[in-house]
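A quick write-up on the structure given underneath.
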Amino acid sequence: MEGPGRALILGIETSCDETAAALVTDDGEIRANVVSSQADLHARYGGVVPEVASRRHLELVAPVVREALGEADATLDDVDRIAVTQGPGLIGALLVGLSAAKAIAWSRRLPLVPVDHLRGHVASLYLRPDPLEPPFLCLLASGGHTLLLDVRGYDDEHVLGTTLDDAAGEAFDKGARLLGLGYPGGRELDRLAREGDPAAYDFPVARVPGLDFSFSGLKTALLYATRDLSPEQLQARRADLAASYQRAIVRALVARVREAAEQSGARRVAVVGGVAANSELRASLPDAALAPLPLCTDNAAMIASAARFAHRLSYPAYLGLDAYASR
Ligand code: KG4
Ligand code: ZN
């Protein structure tokens, strides 16, 4: 189609329960972004079953890559490097994406760029049409992580704070479960909270030293508030409970972001990760750079985006790469 300018990065992401492929240009334009969620498959178990996830990734990864190429009106001839999530995540799930990426790169003799999933989330901010430039202070809040990062450069960030127990998304998911909402529960809880009174319950959030977070006590407080209610009472109070619980999580996140911004003197604040999709959190940080909604939860465009700033491994150096479960 186009001439020499058409050098696309093919991104592949399979760290948890989303099988995703994307095509992104070197200057950060998304040409295709396909996400196939397995959420329905895991819903009946109330959480992701790793072995089930790996098997599903195996079925989906090739069709999802093909669909992304179709969406971009491209072929593998237009791809000049393969980007893939190397970790952290579910090891079996990661290995499916990594093996697929190696196979494609090997068959075309293309370079491969292993990407850290958390850097990928941050790189969701570097895409067009509204790319952000470091430095900035970044809250990364997802199902597996809650981090405050001092992002100094595209491949240079320092952890200022982290959760001592549950991640913010995990707190949303566990709260949603106690309220009888489906899995994953963050989005459902967000929706239900809009119908409730956030001042109905006063849920405490533990204040831990420094810039760290703690959410496990909050979940226990919700458990205590719900366990003595009859099913009818729970039904009647569900929206209030959701609104109050969400308010507590959002307040804790926002308070830490503000403290960190003050301490680090950051002029710009950004929010990424699945929890960045939360409507109350977004409204509570009106001046922050927020990851675009479709790029908050796991996707491969952010992985391809991160690859723009990362070291590429040429053939055959990447064939021995292994995935990692945690950082
Ligand atoms: O980034 P992500 O897709 O996966 C991980 O890397 O963990 O984040 C998923 C998390 C889940 O815990 C989900 O419940 C939460 O993000 N989430 C939300 C919302 N949408 C997704 N939490 C609160 N409000 C939302 N609207
Ligand atoms: Zn993620």
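Every heavy atom of this structure was used, including side-chain atoms; hydrogens, water molecules and symmetry mates were not. Counting convention: from 1, in listed order, for ligands and their atoms alike.
In plain terms, the two heavy atoms of Phe215 and Asp166 that are nearest each other are CD1-O, 3.5 Å. In terms of heavy-atom proximity, Ala167 sits nearest to Gly144 at CB-C, 3.6 Å. When all heavy atoms of Gly274 and His121 are compared, the closest pair comes out as N-CE1, 4.4 Å. Listed here is the closest heavy atom pair of Ala304 and Ala83: CA-CB, 4.0 Å. Leu313 and Tyr318 get closest at one heavy-atom pair: O-CD2, 3.3 Å.
In this structure Thr162 satisfies the side chain to side chain donor-acceptor pair (under 3.5 Å) test with no other residue, sequence neighbours excluded. Listed by chain and residue number, nothing satisfies the side chain to side chain donor-acceptor pair (under 3.5 Å) test with His311 (two or more places apart in sequence, or in another chain).
Protein heavy atom closest to atom 24 (N) of ligand 1, with residue, atom name and distance, is Asn278 ND2, 3.0 Å. The nearest protein atom to atom 15 (C) of ligand 1, hydrogens excluded, is given as Gly274 C, 4.1 Å; this is a heavy-atom distance. Scanning the protein heavy atoms around atom 3 (O) of ligand 1, the nearest turns out to be Asp298 N, 2.9 Å.
Expressed to the nearest 10°, the angle at the Zn ion (ligand 2) joining OD1 in Asp298 with NE2 in His121 is 100°.
Close contacts between ligand 1 and Asp190 involve ligand atoms 24 (N), 25 (C), 26 (N) [criterion: under 4.0 Å to a heavy atom]. Ligand-side atoms of ligand 1 in range of Thr297: 3 (O), 21 (C), range being under 4.0 angstrom from any heavy atom. Of all the atoms in ligand 1, the ones that sit under 4.0 Å from a non-hydrogen atom of Gly169 are 12 (O). Atoms of ligand 1 found under 4.0 Å from any heavy atom of Ser142, numbered from 1 in the order shown, are 1 (O), 5 (C), 6 (O), 7 (O), 8 (O). The distance from ligand 1 to the heavy atoms of Gly144 drops below 4.0 Å at these ligand atoms: 7 (O). Applying the 4.0 Å criterion to heavy atoms of Gly186 picks out, from ligand 1, the atoms 14 (O), 18 (C), 19 (C), 22 (N), 23 (C), 24 (N), 25 (C). Of all atoms in ligand 1, listed by their number and element, those nearer than 4.0 Å to a heavy atom of Phe172 are 22 (N), 23 (C).
Ring geometry for Tyr126 against Phe309 counts as perpendicular: the plane angle is over 60°, on a 0 to 90° scale with 30° as the lower cut. Ring geometry for Tyr201 against Phe203 counts as parallel: the plane angle stays under 30°, on a 0 to 90° scale with 60° as the upper cut.
The part of Asp173 lying near ligand 1 is the side chain, judged by heavy-atom distances below 4.0 Å.
For a threshold of 3.5 Å applied to N or O pairs, the pair formed by Gly273 and ligand 1 contains no separation below that value. Taking distance alone, with nitrogen or oxygen atoms compared against 3.5 Å, Pro184 stays at or beyond that limit from ligand 1. Where the criterion is an N or O separation shorter than 3.5 Å, residue side chain and backbone included, His121 meets it with respect to ligand 1. The distance criterion of under 3.5 Å between nitrogen or oxygen atoms is met by Gly143 with respect to ligand 1. Residue Ser279 has no nitrogen or oxygen atom sitting less than 3.5 Å from a nitrogen or oxygen atom of ligand 1, judged on distance alone.
Note on His117: counted as a metal contact of the Zn ion (ligand 2), an N/O/S atom lying under 2.8 Å.
Heavy-atom contacts from other residues, nucleotides or ligands closer than 6.0 Å to CZ of Arg267 number 12 or fewer.
Atoms CG and CD, from Leu211 and Glu259 in turn, are 6.5 Å apart once rounded to the nearest 0.5 Å.
For atom 6 (O) of ligand 1, the nearest non-hydrogen atom from the set Gln246, Arg282, His117 comes from His117.
Residues Leu110 and Arg81 are not in side-chain contact: their nearest non-hydrogen atoms beyond the backbone lie 4.5 Å or more apart.
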